[in-house]
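Input: a single structure, listed below in structure tokens.
FYI, the numbering just counts along the sequence from 1.
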Amino acid sequence: MAGLDVGYLAAYALSLASVAAFALAGASLAHRLSISLGPGRVAGLGRDEMRRLRTGDPVFLMHLSIALGVGVTIADAIIAPFMGGALLLLDIFRAASVPLVAGLVVAFGWRVQRYSQSMRIGRGLGVTEGFASASATLQLVLMGAIALTTSELVLLWFPALGWADLLLGALRNTLITIYYARPSVNLIAKFDRPLHSIRAPFNLADVMAGKTDPEAIRVGVSKVSEFPADQSLSFDSCVEIGACEASCPATAAGRPLSPRILVRKVSLLSRTGTGRESEVLSSVSEDELWSCTSCGACVASCPVSVKHLDLVYDLRRELVSKGRLDKEKSGMLANLAQSQNPYGFKNSTRAAWAEGLGIDTLSSNPKAEYLYWVGCVSSFDQRAQRIAKALSKILKGAGVSFAILGAEEMCVGDPARRLGEEGRYQELVFQNIEKLKSYGVKKIIATCPHCFNALKNEYPQFGGEFEVVYHTQLISDLIREGRLSIPPEKVQKISVTLHDACYASRYNSVFDQPRAMLKASVDDLREMGRRKEKTFCCGAGGSNYWFKVPQQESIAGIRTQEAAGTGAKTIATECPFCLSMLDDATKVSNSGMDVRDVAEIVAECI
């Protein structure tokens with residue numbers, strides 16, 4: 001360090017202090033919230049970032065450029081005075097700066113675009129001037145941090161301006177200490193929380209057994225202070241990146257919802273008026289909450305792991321607890337209570353689709369290897385019944401031992417839970433688990449991704465441990481193992497594009513299997529731009545299939561246009577809800593496209 005002037009040393013000290021301030025701010029917050037920032041968590045985050053890197057998500061790549069740019073410049077600032085003879089290390093930093101600068105320039109351009117779009121969306125949703133100002137501040141801070149980091153990387157090539165590099169770094173580090181310490185802690189705390197994870201405010205079995213006092217149960221959230229600390233951390237970590245808004249189907253369709261604005265409004269509530277005692281629903285409209293399709297795109301796209309859906313579910317539960325439901329929603333819940341299905345049809349007719357097909361029920365064949373959980377839509381909707389028939393044909397053709405519950409099957413409960421009626425949901429859960437255990441069920445097949453997700457990921461929380469497989473997983477295995485053969489002459493000469501169902505692909509990473517099925521059964525498979533874990537919702541999720549919300553255009557219509565853009569003549573679906581929504585949309589748009597479940601396509605080949 002000999003020969004360094006006083007000005008440089010002062011800039012160096014300031015830079016070190018800014019780095020220390022950021023580290024201390026993060027450590028202090030983590031300690032207060034009992035969050036581990038240990039090497040294991042950081043290493044796990046690194047592995048998860050590498051996984052996301054392989055997806056090629058452009059928004060993630062831009063924000064990775066920002067994070068790496070900050071990391072490189074901080075490392076350079078700390079060791080710069082000691083690098084007199086370490087020219088190789090300086091060369092490495094310089095080499096790394098070239099792609100990082102390119103990434104940061106792209107990120108800055110995207111930020112400018114998002115700023116313009118977010119201001120337009122805010123005006124359309126009628127946000128207050130105070131909100132617009134706070135939103136603009138956060139977004140400009142992020143653009144400032146990108147510009148400062150880019151400048152630092154450029155200055156790596158001009159050693160004589162090292163003092164300027166250090167001062168820019170100190171300013172940037174001060175900004176991230178003020179605005180990004182909280183998001184950084186939130187990311188480390190929640191990067192590995194599964195999308196399908198959903199908090200249960202109570203366990204009905206414990207209530208019935210007297211282990212939990214019903215009077216002590218709080219369902220929903222009324223005031224900001226009632227949010228758990230980890231949930232407050234989540235929405236307070238929103239820094240207006242806007243990836244959630246860019247990927248949200250409700251926003252794209254002109255519904256009164258932006259996940260960015262929703263989260264930020266609740267966060268800002270604690271800093272204004274009555275603070276943490278503010279009534280949340282005083283600033284959030286009912287239509288905002290009902291507009292959500294629970295597709296999970298917002299959560300999956302957020303670079304700092306904000307959990308928007310937690311907020312939606314808690315506020316929907318609050319609306320239900322206050323009885324603020326229209327006829328469509330209350331009618332659906334009444335149907336679940338009286339008929340054990342959301343349609344309100346007699347449950348005794350649930351297996352009418354299977355008449356004459358030689359399909360066993362568990363009561364007649366309790367030793368069947370698999371229970372086929374048909375689901376409400378494929379049981380009662382005449383078009384969707386063809387999915388159930390197609391799967392049954394495939395299973396019989398492959399020699400798979402299976403049976404259905406028939407009239408003993410009830411709704412899995414997903415529509416109630418997504419609507420916010422946790423009690424009704426758990427009533428169905430425990431009744432279904434009791435029925436499944438009475439038959440000794442071990443393996444379950446599902447053709448509905450909502451049933452699949454509930455049975456696989458949610459039922460274990462209530463004592464329902466089963467091996468649950470999605471129909472595309474089983475069928476692709478049967479084809480791969482040679483148990484299901486598709487002769488070359490039976491391969492259909494049609495062009496097909498696959499619509500990935502949110503609850504299969506984004507929630508449960510099932511996307512290679514339906515493609516394997518289609519590659520074996522059609523000669524022309526085309527891909528949409530938004531596919532696999534980046535799929536675009538059909539609009540039916542979040543219980544939206546059962547009620548209407550105001551919108552400027554149909555979510556399913558947007559997706560149908562994207563499918564038509566591939567030039568394919570057939571849309572392949574893997575979900576009865578998606579099939580119904582897209583089938584209706586193709587008819588409305590007169591696109592002339594056929595819509596079929598992947599199981600139907602394969603069944604036609606055997």
Quiz item: Can you name the closest pair of heavy atoms from V207 and P214 and give their distance?
Solution: CG1-CG, 3.9 Å

Quiz item: Any luck finding a side-chain donor-acceptor pair between S237 and Y180 under 3.5 Å?
Solution: no

Quiz item: Would you say the side-chain atoms of R218 pair up with the backbone N or O of G220, donor to acceptor, closer than 3.5 Å?
Solution: yes

Check residues 241-256 and write down every donor-acceptor pair under 3.5 Å in which the side-chain atom is one partner and the other belongs to a residue at least two apart or another chain.
| from | atom 1 | to | atom 2 | distance (Å) |
| --- | --- | --- | --- | --- |
| E245 | OE1 | R114 | NH2 | 2.5 |
| E245 | OE1 | R260 | NE | 3.4 |
| E245 | OE2 | S258 | OG | 2.6 |
| E245 | OE2 | R260 | NE | 3.0 |
| E245 | OE2 | R260 | NH2 | 3.0 |
| S247 | OG | A243 | O | 3.1 |
| S247 | OG | C244 | O | 3.2 |
| S247 | OG | A297 | O | 3.4 |
| S247 | OG | S301 | OG | 3.3 |
| T251 | OG1 | L257 | O | 2.8 |
| R255 | NE | Q551 | OE1 | 2.8 |
| R255 | NH1 | S291 | O | 2.9 |
| R255 | NH1 | N544 | OD1 | 2.5 |
| R255 | NH2 | Q551 | OE1 | 3.1 |

Quiz item: Taking all atoms of both residues into account, what is the closest heavy-atom pair of V221 and L315, and its distance?
Solution: O-CD2, 3.7 Å

Exercise. Assess whether side chain to side chain donor-acceptor pair (under 3.5 Å) is satisfied between Q385 and S379, documenting all intermediate values.
Key: CA-CA 6 Å; Q385 286 173 354; S379 292; over 6 Å; no

Quiz item: Do Y470 and T447 have a side chain donor and acceptor closer than 3.5 Å?
Solution: no

Exercise. Without swapping roles, check the side chain of K437 against the backbone of G463 for a donor-acceptor pair under 3.5 Å.
Key: yes

Quiz item: Under 4.0 Å between a Lys/Arg side-chain N and an Asp/Glu carboxylate O for D414 and R418?
Solution: yes

Practice problem: For N347 and A407, indicate whether the former's side chain and the latter's backbone hold a donor-acceptor pair under 3.5 Å. | Solution: yes

Quiz item: With the threshold set at 4.0 Å, does a side-chain nitrogen-carboxylate oxygen contact exist between R317 and E422?
Solution: yes

Practice problem: Grab the two heavy atoms, one from T535 and one from D500, that are nearest each other, plus how far apart they are. | Solution: OG1-O, 2.7 Å

Quiz item: What are the two closest heavy atoms between G541 and H450, and how far apart are they?
Solution: CA-CE1, 4.1 Å

Exercise. Examine Y459 together with F466 and report whether their ring centres are nearer than 6.0 Å.
Key: no

Quiz prompt | D230/K307 ion pair, N-O < 4.0 Å | solution = no

Practice problem: Look at the aromatic rings of F235 and F227 and report parallel, tilted or perpendicular, splitting at 30° and 60°. | Solution: perpendicular

Quiz prompt | Donor-acceptor pair, side chain of S278 and main chain of V280, under 3.5 angstrom | solution = no

Quiz prompt | Y115 ring center within less than 6.0 Å of W110 ring center | solution = no

Practice problem: In sequence, state the C-alpha distance, the side-chain angles, and the governing distance for N186 and S305, and then conclude on side chain to side chain donor-acceptor pair (under 3.5 Å). | Solution: CA-CA 7 Å; N186 187 68; S305 286; 5.4 Å; no

Quiz item: Should we count CD of E434 as having more than 12 external heavy atoms under 6.0 Å?
Solution: no

Exercise. Find out whether the Lys NZ or Arg CZ of R559 is both under 6.0 angstrom from the six-membered ring centre of F536 and within 45° of the ring's axis.
Key: no

Quiz item: Quick one: do the N203 and Q426 side chains pair a donor with an acceptor below 3.5 Å?
Solution: no

Quiz item: Is it true that K223 and E226 have a side-chain N and a carboxylate O under 4.0 angstrom from each other?
Solution: no

Exercise. Check the pair R530, E562 against salt bridge (Lys or Arg N to Asp or Glu O under 4.0 Å), reporting the backbone distance first and the verdict last.
Key: CA-CA 9 Å; R530 291 178 286 193; E562 186 175 1; 3.1 Å; yes

Quiz item: Is there a donor-acceptor pair under 3.5 Å between the side chain of E409 and the backbone N or O of V374?
Solution: yes

Exercise. Ignoring hydrogens and angles, state whether a donor on the side chain of E279 or S222 is under 3.5 Å from an acceptor on the partner side chain.
Key: yes

Self-check item: Charged N-O contact under 4.0 Å between D310 and R199
Solution: no

Quiz prompt | R417/E421 salt bridge by N-O under 4.0 Å criterion | solution = no

Exercise. Before giving the answer on salt bridge (Lys or Arg N to Asp or Glu O under 4.0 Å), spell out for K265 and E288 the whole-Å C-alpha distance, their side-chain angles and the decisive distance to 0.1 Å.
Key: CA-CA 12 Å; K265 282 198 298 188; E288 264 183 288; 2.8 Å; yes

Practice problem: Taking the six-membered ring of W290 (Phe, Tyr or Trp), confirm whether the NZ or CZ of K548 is under 6.0 Å from its centre and within 45° of its axis. | Solution: no

Self-check item: Lys/Arg N to Asp/Glu carboxylate O, R383 vs D597, below 4.0 Å
Solution: no

Quiz item: So which heavy atom on A388 is nearest to which on Y372, and how close?
Solution: CA-OH, 3.3 Å

Quiz prompt | side chain to side chain donor-acceptor pair (under 3.5 Å) between Q139 and S135, worked out | solution = CA-CA 6 Å; Q139 296 194 53; S135 175; 3.2 Å; yes

Quiz prompt | Salt-bridge contact E286-K322 (side-chain N to carboxylate O under 4.0 Å) | solution = no

Quiz prompt | Exercise: identify the closest heavy-atom pair between C411 and N341 | solution = CB-CA, 4.2 Å

Quiz item: How about S509 and E533: does a side-chain donor come under 3.5 Å of a side-chain acceptor?
Solution: no

Self-check item: F452-Y507 aromatic ring centre distance below 6.0 Å
Solution: no

Self-check item: N508 side chain to N457 side chain, donor-acceptor N/O pair below 3.5 angstrom
Solution: yes

